[in-house]
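In the text below, chain A, chain B and the rest are named by the order of the sequence lines, each starting its count at 1.
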There are 2 protein chains.
Amino acid sequence: MSTFVYGFEDALPEDASARELLGGKGAGLAEMTRLGVPVPPGFTITTDACLYFMEHDALPSGVDEAIANALAKVEQSLGKTLGGDNPLLVSVRSGARASMPGMMDTVLNLGLNDETVAALAMQSGDERFAYDAYRRFCQMFGDVVMDVPHARFEERLRAIKEEEGDPRMADSALSAEALKRLVARYQEVIAEVAGEAFPSDPRVQLDKAIRAVFASWNNRRAIDYRRMQHIPDSWGTACNVQAMVFGNMGDTSGSGVAFTRNPSTGQRELYGEFLPNAQGEDVVAGIRTPFPLVAEAALPGREDRTFERAQPEAFAKVVACCAQLETHFGDMQDVEFTVERGEAFILQTRTGKRTGKAAVRIAVDMVKEGARTKAQAIQMVDADALEQLLHSRFPSPDELEKRGVTPLASGLPASPGAATGIIVFDADEAEARSKDGEDVILVRRETSPEDIHGMRAARGVLTATGGMTSHAAVVARGLGKCCVAGCSALTVDYRKGEVGVRGGPTLKRGDVISLDGSLGKIYAGALDVIAAAKVPELDALMAWADETRRLRVRANADTPKQAREARAFGAEGIGLCRTEHMFFAEERLEAMRCVVLAEDDATRATWLAKIEPMQREDFVAIFEAMDGLPVTIRLLDWPLHEFLPKTDADFASVAAALGVAEESVRARAVGMHEINPMLGHRAVRVGLTTPAIYQAQVRAIISAAASCLRAGVSVHPEIMIPVVGMAEELAQATALVRETAASTDANVKYAVGTMLELPRACLTADALAQSAEFFSFGTNDLTQTTFGISRDDAGRFLPAYIDLGILARDPFSQIDEDGVGALVRIGVERGRATRPGMKIGVCGEHGGDPTSIAFCDRFGLDYVSCSPPRLPVARLAAAQSHLVRDSDRTRS
Amino acid sequence: MSTFVYGFEDALPEDASARELLGGKGAGLAEMTRLGVPVPPGFTITTDACLYFMEHDALPSGVDEAIANALAKVEQSLGKTLGGDNPLLVSVRSGARASMPGMMDTVLNLGLNDETVAALAMQSGDERFAYDAYRRFCQMFGDVVMDVPHARFEERLRAIKEEEGDPRMADSALSAEALKRLVARYQEVIAEVAGEAFPSDPRVQLDKAIRAVFASWNNRRAIDYRRMQHIPDSWGTACNVQAMVFGNMGDTSGSGVAFTRNPSTGQRELYGEFLPNAQGEDVVAGIRTPFPLVAEAALPGREDRTFERAQPEAFAKVVACCAQLETHFGDMQDVEFTVERGEAFILQTRTGKRTGKAAVRIAVDMVKEGARTKAQAIQMVDADALEQLLHSRFPSPDELEKRGVTPLASGLPASPGAATGIIVFDADEAEARSKDGEDVILVRRETSPEDIHGMRAARGVLTATGGMTSHAAVVARGLGKCCVAGCSALTVDYRKGEVGVRGGPTLKRGDVISLDGSLGKIYAGALDVIAAAKVPELDALMAWADETRRLRVRANADTPKQAREARAFGAEGIGLCRTEHMFFAEERLEAMRCVVLAEDDATRATWLAKIEPMQREDFVAIFEAMDGLPVTIRLLDWPLHEFLPKTDADFASVAAALGVAEESVRARAVGMHEINPMLGHRAVRVGLTTPAIYQAQVRAIISAAASCLRAGVSVHPEIMIPVVGMAEELAQATALVRETAASTDANVKYAVGTMLELPRACLTADALAQSAEFFSFGTNDLTQTTFGISRDDAGRFLPAYIDLGILARDPFSQIDEDGVGALVRIGVERGRATRPGMKIGVCGEHGGDPTSIAFCDRFGLDYVSCSPPRLPVARLAAAQSHLVRDSDRTRS
C-alpha cells in the first residue's frame with residue numbers, strides 16, 4: 001500500500017518528487033521542517049490520494065487511520081488536542097504542484113465548536129477574538145464544505161447589524177455578544193440550506209474539509225485556470241493540515257514579512273514590516289500601518305516600535321531563520337512569520353520578487369560573497385527585467401492603481417519608454433512648441449513621412465490606427481521615442497483639435513497626457529517619470545554572460561546613431577539594417593515619389609540617381625560605426641505605395657517635377673492601392689519588377705564599402721533580400737545583386753542571403769540555400785503568415801483570444817513553438833542540408849525575447865538580432881539558455 | 001565504343017530509350033520507318049554525341065566516319081549523291097527529348113553549290129525554284145553556321161530589289177537571274193563577315209551544320225526556354241539529317257496535312273487539306289487556299305481539285321499510311337505529307353489536337369471499335385477540355401486573332417462563360433434594360449451586396465478592382481454569370497457614364513462589349529457566342545470514369561439551384577456550402593447590418609432572430625436537393641465589415657432601425673476598417689468573439705435538418721469552422737457548435753470539422769484532429785498565406801513572375817506541390833495520426849484542376865470539391881490519376 005499521509009517531518013520514498021507528491025506548499029513546509037526552521041506542525045495528504053478520491057469518490061482505505069496518526073503527532077508536539085480542553089485548531093489548505101492562487105478552497109480555524117471556542121476565549125483572554133474566529137470558521141466551512149451560498153450568510157450578518165442599530169456598521173465593530181448570536185444564526189442557515197446540521201465534532205469537520213479541498217480541484221474556476229495555464233488535469237492537488245498560530249493574541253504576538261535583502265536596491269540588509277497583535281492578513285490588507293523590522297530603518301524616535309526593539313528574542317529567531325533560508329535556497333527570500341505569545345513561527349518562504357536593479361546587484365553580490373557561482377548568478381536574474389533598467393518608465397500599473405491612477409485607454413506598445421506632455425495634433429506645431437520648451441505628445445490618426453520632424457520634436461507619439469509595423473511604430477523605434485500605436489478607442493478630430501476616448505473624456509489640444517510605450521497605456525495628466533537606472537554591477541554580470549553563451553547577439557539598427565548605441569550595448573554586428581528611412585528623409589522623399597510615379601525607366605533612373613549618393617553616405621557612416629563587425633542590410637521591403645504623395649500640394653509638386661498632368665499622377669497613385677498590402681507588391685517583388693531600385697541600393701552599399709576599405713575601415717556587408725518565397729525568385733534577385741555589384745568594379749567581399757519570413761520559404765529552404773549564403777528568420781512576418789493574422793488588425797480579437805485561453809501568450813511577443821517554431825526548425829534543417837554550417841539568425845522582434853532566444857539557441861541558430869536596448873536582455877538570455885542546455889546535456 | 005549515329009531503319013540497343021537517345025523527332029522518324037511508312041531516308045546523331053560535343057568542343061572519334069556510312073546508305077537508297085550530278089539535298093534539324101519549338105537551329109536544302117544548283121534547276125525544270133532554294137540555303141547557313149547577322153542579308157536583298165527597279169517588290173517576284181546575283185552577294189557577305197569563304201563542298205557544309213545544330217542547344221533562347229519549362233540542361237539535343245523532298249516540283253507534286261478523324265467533331269473521316277505544287281510551309285502560311293483532301297468535302301463542282309481526285313495513287317498511299325499510323329499509335333493522328341512527282345512521303349505524325357467534343361467522341365468511338373480499352377479511352381481525353389463543353393464561349397483567341405480581333409484589356413477570369421451586351425453602370429438600370437429585352441453587361445469599380453439584383457439581370461459582370469475572391473467574383477460564380485474582375489486597366493467614371501481603358505478607347509454607357517469570363521478577356525463590340533455543346537458520348541465516358549476512380553467528387557454549391565445542378569453533374573455531396581449569401585439577400589441585409597452595428601448583445605440577438613428562420617428555409621431546400629448525400633456547411637467566413645452600409649441612405653436607415661445617432665453608427669463603421677482584411681477579424685475569430693452569429697447559424701442548420709428528417713429526407717450535415725489556426729480555438733468553437741445544437745433538442749446526427757487553410761493549421765493538425773471529425777483543405781487561402789501573396793493584389797507581379805520563369809504556373813490555378821503541397825501532406829499525416837481514417841477533402845478552387853486532383857488522389861484524400869461545371873473534369877481527372885497510380889503500382 002502506498003503511503004498517502006506524510007507529516008512535515010517525515011522522509012519521502014527515495015524516488016519520489018516532493019513537489020509532485022506533496023504539492024508546492026506541502027513540499028516547502030516539509031523542507032523548512034527538515035531544516036529545523038520553526039514551522040507550525042502539520043501533515044500533508046498526497047496528490048495520489050486526491051486522484052484516487054476523484055476516481056472513486058472516496059479516500060483510499062487506511063487514509064482515515066493515517067490521518068488520525070498524523071494528527072496525534074501534531075497534538076502531541078503541541079500538547080493540544082483537536083476538540084480538547086486545550087484545543088488544537090488547524091488550517092486545511094489545497095496545494096498543487098504548480099501555484100494556482102485562489103483557485104481552490106481553504107478552511108481556517110477548524111476545530112472550533114461551542115466548547116472549544118470558550119477555551120480559546122479563555123486562553124486568549126479575548127472573547128471577541130474567539131467568537132470572531134468561530135464566526136469566520138462557520139462561514140468558511142458552510143461555504144466550502146456544505147455548499148451554502150455566500151449571500152445567505154450576508155443576509156444574517158446584515159440582520160444582526162440592524163438589530164445592533166446600524167446596518168452599515170463595520171464587522172469589526174460587532175461585540176462579542178453579537179458575534180455569538182451570529183454564530184447561532186449561521187449554524188441555522190447551514191442546517192436549513194444543506195439539510196444537515198453544522199458538525200460540532202472537530203474530527204468530522206476535518207474529514208469533511210479534506211474531501212472538500214480535494215473536490216475543489218475540479219471546480220469551474222480551477223478547471224478554467226488549468227486550461228489557460230496548460231496545467232494537466234491529471235496532477236491533482238495535495239491537502240495540507242497544519243496547526244493554526246495566532247499573531248493576534250496580545251502584545252507579545254504579531255505578524256510580519258521579511259526580505260533577506262532589499263528588494264528595491266538589492267542591498268544586503270533585512271528589509272520588511274511587522275504589525276504587533278495582528279494576523280498575517282492584517283499586514284497585507286494595509287488597514288493598520290506596520291512598523292519596520294529593524295531599528296535602523298525607523299523614523300527617528302520611533303525605533304522602539306520596530307520588531308527588533310519590541311520583541312528582541314523573536315526578532316533574533318527570525319533573523320537566524322532568514323539567514324538559514326537564504327543560504328539553503330541560494331537566493332533572496334521573502335519570508336512570512338507570525339509570533340504567538342513570544343514564539344516565532346515561519347509560515348512560508350519563497351524566492352523574493354525584486355526590481356531589475358536589485359536582481360543584478362543581488363546576483364553579483366552573492367558571487368562575490370562566495371554564496372553562488374557565476375553560472376548560478378546568471379540564472380538568478382530575469383533577463384526581461386534588464387530592459388526596464390534602460391528606459392525611463394512610470395511606476396508599475398499596480399503601484400499606479402494603488403494611487404487610484406488607471407489608464408484612459410490601451411494601444412499597442414509600439415516603442416518603449418515613458419513620456420508626459422501636452423497634446424498637439426500637427427507636426428509643425430509639435431516642432432514649434434517643443435522649441436518653446438514645452439514637452440509635447442504628437443497625437444495622429446496615423447503618421448506619414450511628413451510627420452517625421454514633429455515626431456523628432458515630440459516626447460512621445462500616439463496613433464489611433466496602425467500596428468507594430470506601422471509607420472509611426474517603425475519611425476518611433478528608430479528615433480528612440482516612446483510610442484503607443486493603434487489605440488482604437490481614440491477618435492481624432494483634427495478640425496476641432498480634439499481626441500475622443502471611447503467610454504471616456506474628450507481631450508483637447510494642450511491637455512496633458514502620459515504615454516507608457518513599454519506597456520501601451522495612455523493616462524490623463526502627468527505621471528512621475530522614473531529615469532533609467534544606473535547599475536554598477538551590470539557590467540560584471542554581462543561579462544559573465546558573454547563568457548558563457550554560444551549564441552551571438554546582433555542589433556537591429558538603421559542609422560549610424562543606432563549602430564553606435566548597439567555597439568555600446570554589446571552588439572556583435574547588425575542583424576537587420578532597414579533601408580526604408582533612407583528614402584524617407586525630407587530632402588529625398590520627393591525624389592522617391594518621382595521614382596514611384598515615373599512613367600518610364602529613364603525618368604525613374606534620373607530620380608534614383610539623386611538619392612543614390614546620399615544613401616552611399618548613410619552606409620559609409622553605418623559601416624564606420626560597425627568597423628570590424630558584420631552588417632546585414634535588408635533591401636527595400638515596403639510596398640511602393642508607402643511613398644505616395646498625401647496632400648494636394650505634394651501631388652502638384654510631384655506632377656510638376658515629372659512634367660506630367662497632375663490628374664495622371666493621381667490616377668497612377670489610386671491604381672497602386674492594395675487590398676492586403678502585407679501580402680502585396682512589396683520587397684523582392686518590387687525588386688524584380690522594378691530592378692532599378694535594388695540596383696541603386698546595391699551600388700550604394702558596394703561603393704560605400706569600397707570607400708570604407710580605402711579608409712582602413714573593416715567592412716562585412718551582408719545583403720539580404722526580403723519576402724522571398726520561391727527558389728527561382730531568389731536566384732534572379734541574387735543574380736541582380738551580383739551583376740550590379742560587379743558593375744561597380746569595386747573589389748568588396750560581401751555575402752547575399754535572404755529573409756525566411758514566409759511559410760513557403762521555410763518549406764523550400766533547401767532550394768533557397770542554393771542561392772542564399774545566409775538566412776535570417778523574419779519571425780514577425782512569419783508569425784503573421786503562419787497564423788494568418790495581420791498584426792495591424794489583430795487588436796480586435798487577439799486580446800480576447802488571450803482572455804479566452806485560446807492563446808497562452810501573444811505570438812508576436814514570444815515565438816510560437818508549435819507553428820512558427822516548426823517552420824523555423826524545417827528551415828534550419830533544410831537550409832543546412834544544402835549548405836552545411838550555413839549562417840542563420842533571427843531578426844524579428846522575437847530576437848529580444850528570452851523564451852524565444854532559448855528556442856533559437858536550442859535549434860542551433862548562430863545569432864539573434866534585437867533592438868539596441870534589448871541587447872543586455874538577449875546576452876543574458878543566451879547565456880541562461882546555454883546553461884540550461886548544458887545541464888540537460890550533463891543529465892542525459 | 002558507343003554508337004553515335006543511327007539510320008532511321010536501324011535497331012537501337014535493347015536497353016535504350018529511343019526518345020532519350022534520338023530525341024522526339026528522331027524517334028518518330030525511326031518508328032515510322034520501321035512501320036514501313038514512306039519516310040524520306042536519313043539518320044540521327046544521338047544526344048550522347050551532343051553532350052560529348054558540349055564538353056569537348058569536338059565530336060567523339062569515329063563519328064565522322066559513321067556519318068559518312070549513314071550518308072552513303074541514304075545516297076544508295078535514293079540513287080542520289082551529296083554534291084553529285086544527281087544531287088542529294090538534306091535537312092539538318094535539332095530534336096530534343098521534349099519539344100522545344102523554334103528554340104534551336106535548322107538548316108534546309110543543304111548540299112547546294114554552284115554545280116548542284118544547276119542540276120536541281122534542270123531536274124525540276126524550274127531555274128527560279130532552284131536558285132530560290134540556293135539563296136535560302138545560303139542565308140540560313142550563313143546565319144546558323146557562320147554567325148552572320150540577319151540584317152546583313154537583308155541589306156543585300158534590298159539592294160538587289162533596288163537594282164530591279166522596285167525596292168518594295170515581293171521576294172517571289174525576283175527573277176531567276178536576280179536570285180543568281182543575290183546568291184553571289186550573299187556569299188560575299190559571308191566571306192566578309194565570317195572571314196572565311198562559304199563552303200561549296202557539301203560534306204563540309206554538312207559537318208559544320210551538324211556542329212552548329214548541337215551548339216544551338218546552348219543558345220540564349222534555348223537556355224531560357226529550358227529554365228521556364230524545367231527541362232534539364234543535361235539532356236542535350238539529337239541532330240537529324242534527312243533527304244529533302246520537294247512538293248513544289250510541278251503539278252504531280254504537292255503538300256498537305258491529314259487528320260485521321262475530324263478534329264472538330266470527332267467523326268471518323270479523313271479530314272485535311274492539300275496544296276498542289278507547294279512545300280509544306282506554303283500550306284501553313286495560308287497565302288494560297290488549299291483544297292480538301294476528299295471529294296466528299298469539296299464544294300459542288302470543285303471535286304476535281306481535291307487530293308483524292310487529282311492524285312488518286314498518292315492519295316491512296318496517304319490514306320493507307322494514316323490508317324496504319326492511327327492503329328499503331330492508338331489515337332487520332334495529325335499527319336504531314338509531301339508528294340514529290342507522284343511519290344508520297346510522310347514527314348511527320350503526331351497525336352492530333354482536337355476540340356473537347358471531338359476528344360470525347362473519338363475516345364468513346366475507339367472503345368466501341370475495339371481499338372482501345374476503356375482505361376485507355378479515359379486517358380485519351382484532356383480532362384480540362386471538358387469544361388468548355390459546359391459553358392458558352394467565344395472562338396479561341398487564336399481564331400479571333402486571325403480575324404483581327406484582339407482584347408481591349410485583361411482581368412481575372414473570375415467566373416467562366418462568354419457574354420456580349422451593352423455597358424451599364426448601375427444595378428437598377430441593368431435590371432430595367434434587361435426587362436426591356438436588352439443584353440446588358442454591368443460594369444462597376446467593384447460590386448457590393450446592393451448590386452445583386454443588377455448582377456442577376458446582367459449577362460455578365462466586369463469590375464475594375466477586386467480579385468478572384470471579391471464580392472463580384474463570388475456572387476457571379478454563385479449566379480453562374482460570366483465575370484471578369486480586377487481589370488486594372490479600367491477607370492470607371494460613374495458620373496460621366498464612361499469607362500476608360502488604359503492605352504485604349506473610352507467606352508460609354510450603351511456601348512457594346514464582350515466578356516470572356518473563362519480567360520478574363522474584354523473585347524469591344526459583339527462576338528459570336530458559341531453555345532455549350534451537347535456530346536452524346538459524354539455519359540459513357542463519365543460512367544467509365546466513375547467505375548474507375550477512388551477519389552470522391554463533391555461540389556461547391558451555396559444555393560438549392562446550384563445543389564440541383566451539382567447532382568445533375570454527378571456530385572456525391574456538397575463539399576463547400578458558403579453561407580455568406582444567406583446574410584446578403586435583400587430582405588436580410590438591413591437586419592444583418594443591425595447585427596454588425598448593434599451596440600449590445602440583446603440588440604444583436606433581436607436582429608439575428610429575424611434572419612434565422614429564413615436561413616433555416618435555405619438549409620431545408622439545400623438538404624432536400626442533396627437528399628441522401630453529405631452537405632458540408634461552412635459557417636460565416638467573411639469579416640463583418642463586408643456587411644457595412646455603403647450609402648448615406650443605408651446609414652440613415654440602419655441608425656433609425658437601431659434607434660441610435662447616425663454619427664455613432666458611422667463612427668463604429670469607420671472603426672471596423674482593416675488594413676489587411678484577409679488576415680483580420682473574420683471567420684472563427686468572429687464566431688468566438690460574437691458567438692451569437694454562429695449560434696444562429698447552427699440552430700438554423702440543425703432545425704432545418706430535423707424538419708427534413710421528419711419529412712423523410714435523408715440529411716448528413718457537416719458543420720465546418722473556417723480559418724482555424726489553434727487547437728484551443730477549434731476546441732472552443734466546436735464546443736459552441738455542440739452546445740448550440742444540443743440546445744435545439746433536435747435529434748440530428750451531424751459532424752463538426754474544420755478547414756485547413758492556414759499554415760499553422762496544417763502544422764498542428766494532430767492537435768486540431770482532437771476536436772475535428774473531418775478536415776477540408778481550403779487551398780485558396782492556404783496558397784495565399786503560404787506564399788504571402790494576396791490573390792486580390794497579385795495582379796501587379798504574378799503575371800511578371802510567370803513571364804520571368806519564376807513561377808511555372810499560377811499557384812492559384814494549380815496546387816503548388818513544393819510549398820502548399822508539403823503542408824497538405826503534413827496536415828493529412830498528422831491529422832490521421834490522431835484520428836486514423838479521418839475524412840479529408842479539398843474545397844479550394846484547385847478541386848477542379850486535373851493536376852491538383854492527381855495530387856489529392858496520391859496523398860490519400862477522400863474527395864475533392866469543385867464548382868458544378870467542373871465536376872465532369874474532376875470525375876475524369878480522378879479516374880486518370882487512379883489509372884496512372886495503378887500502372888505505377890503494377891510497374892513497381
Side-chain angles (χ1 to χ4, degrees), chain A residues 227 465-467 470 488 491 500 502 667 670-681 685-686 688-689 723 725-729 731-732 757-761 763-764 767 781 784-794 796-797 800-801 804-808 816 818-820 822-823 826, chain B residues 227 465-467 470 488 491 502 667 670-681 685-686 688-689 723 725-729 731-732 757-761 763-764 767 781 784-797 800-801 804-808 816 818-820 822-823 826:
Chain A
R227 189 145 86 174
T465 64
S470 64
S488 55
T491 318
R502 190 162 57 238
V670 168
M672 291 177 73
H673 170 77
E674 292 190 302
I675 297 173
N676 295 291
M678 161 77 206
L679 308 176
H681 191 195
R685 300 162 189 175
V686 172
L688 289 173
T689 52
V723 192
M726 302 155 231
E728 178 64 20
E729 183 184 43
Q732 295 192 18
E757 53 189 332
L758 297 175
R760 197 175 190 281
L763 293 164
T764 62
D781 274 14
Q784 297 195 74
T785 45
T786 303
F787 276 86
I789 292 180
S790 157
R791 194 167 181 179
D792 289 331
D793 302 305
R796 286 186 184 77
F797 58 93
Y801 267 31
L804 289 168
I806 291 173
L807 277 168
D816 156 54
D818 293 344
V820 175
L823 288 173
I826 289 171
Chain B
R227 189 145 86 175
T465 64
S470 63
S488 55
T491 318
R502 190 162 55 239
V670 168
M672 291 178 72
H673 170 75
E674 292 190 302
I675 297 174
N676 294 292
M678 162 75 206
L679 308 177
H681 191 194
R685 301 164 188 173
V686 172
L688 290 173
T689 52
V723 192
M726 302 154 234
E728 178 62 20
E729 182 184 43
Q732 295 193 18
E757 53 189 330
L758 297 175
R760 197 175 190 280
L763 293 163
T764 61
D781 274 13
Q784 296 195 74
T785 46
T786 303
F787 276 86
I789 292 180
S790 157
R791 194 167 181 179
D792 289 330
D793 302 305
R796 285 185 186 77
F797 58 93
Y801 268 30
L804 288 167
I806 291 173
L807 278 167
D816 157 53
D818 293 343
V820 175
L823 287 173
I826 289 171

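- Closest heavy-atom contact between P759(A) and T785(B): CD-O, 3.5 Å.
- At a 4.5 Å heavy-atom cutoff, the contact between M678(A) and chain B is made by backbone and side-chain atoms alike.
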From CA spacing to verdict: side-chain contact (heavy atoms from CB on, under 4.5 Å), Y801(B), E728(A): CA-CA 10 Å; Y801(B) 268 30; E728(A) 178 64 20; over 6 Å; no
Assess the residue pair F797(B) and L688(A) against the criterion (side-chain contact (heavy atoms from CB on, under 4.5 Å)); give the C-alpha distance rounded to whole Å, side-chain angles, the decisive distance to 0.1 Å, and a yes or no. CA-CA 9 Å; F797(B) 58 93; L688(A) 289 173; over 6 Å; no
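- Note on I806(B), L804(B), V820(B), T491(B): by heavy-atom pairs under 4.5 Å with chain A, the leading option is I806(B).
- By number of non-hydrogen pairs under 4.5 angstrom with chain A, the leading residue of I826(B), D818(B), T689(B) is D818(B).
- For a residue to count as touching a neighbouring chain, one of its non-hydrogen atoms must lie under 4.5 Å from one of that chain's; by this rule T786(A) touches chain B with backbone and side chain alike.
- Within the 4.5 angstrom heavy-atom criterion, only side-chain atoms of Q732(A), from C-beta onward, approach chain B.
- Looking at every heavy atom in both residues, R796(A) comes nearest to E674(B) through NH1-CG, 4.0 Å.
- The side-chain heavy atoms of T465(B) and H673(A), taken from C-beta on, include no pair separated by under 4.5 Å.
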Please lay out, stage by stage, how L679(A) and N676(B) fare under the test side-chain contact (heavy atoms from CB on, under 4.5 Å). CA-CA 8 Å; L679(A) 308 176; N676(B) 294 292; 5.6 Å; no
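- Most heavy-atom pairs under 4.5 Å with chain A, from the set V670(B), L758(B), I675(B): that is I675(B).
- L823(A) approaches L763(B) most closely through the heavy-atom pair CG-CD1, 3.5 Å.
- Interface residue L807(B): only side-chain heavy atoms are found under 4.5 Å from chain A.
- Contacts between T764(A) and chain B at a heavy-atom distance below 4.5 Å involve the side chain alone, from C-beta outward.
- Of the two parts of A800(A), only the side chain, counted from C-beta on, holds a non-hydrogen atom closer than 4.5 Å to a non-hydrogen atom of chain B.
- The heavy-atom pair separating D816(A) from R760(B) by the smallest distance is OD1-NH2, 2.6 Å.
- With chain B as partner, the option from E757(A), M672(A), E729(A) having the largest number of non-hydrogen pairs under 4.5 angstrom is E729(A).
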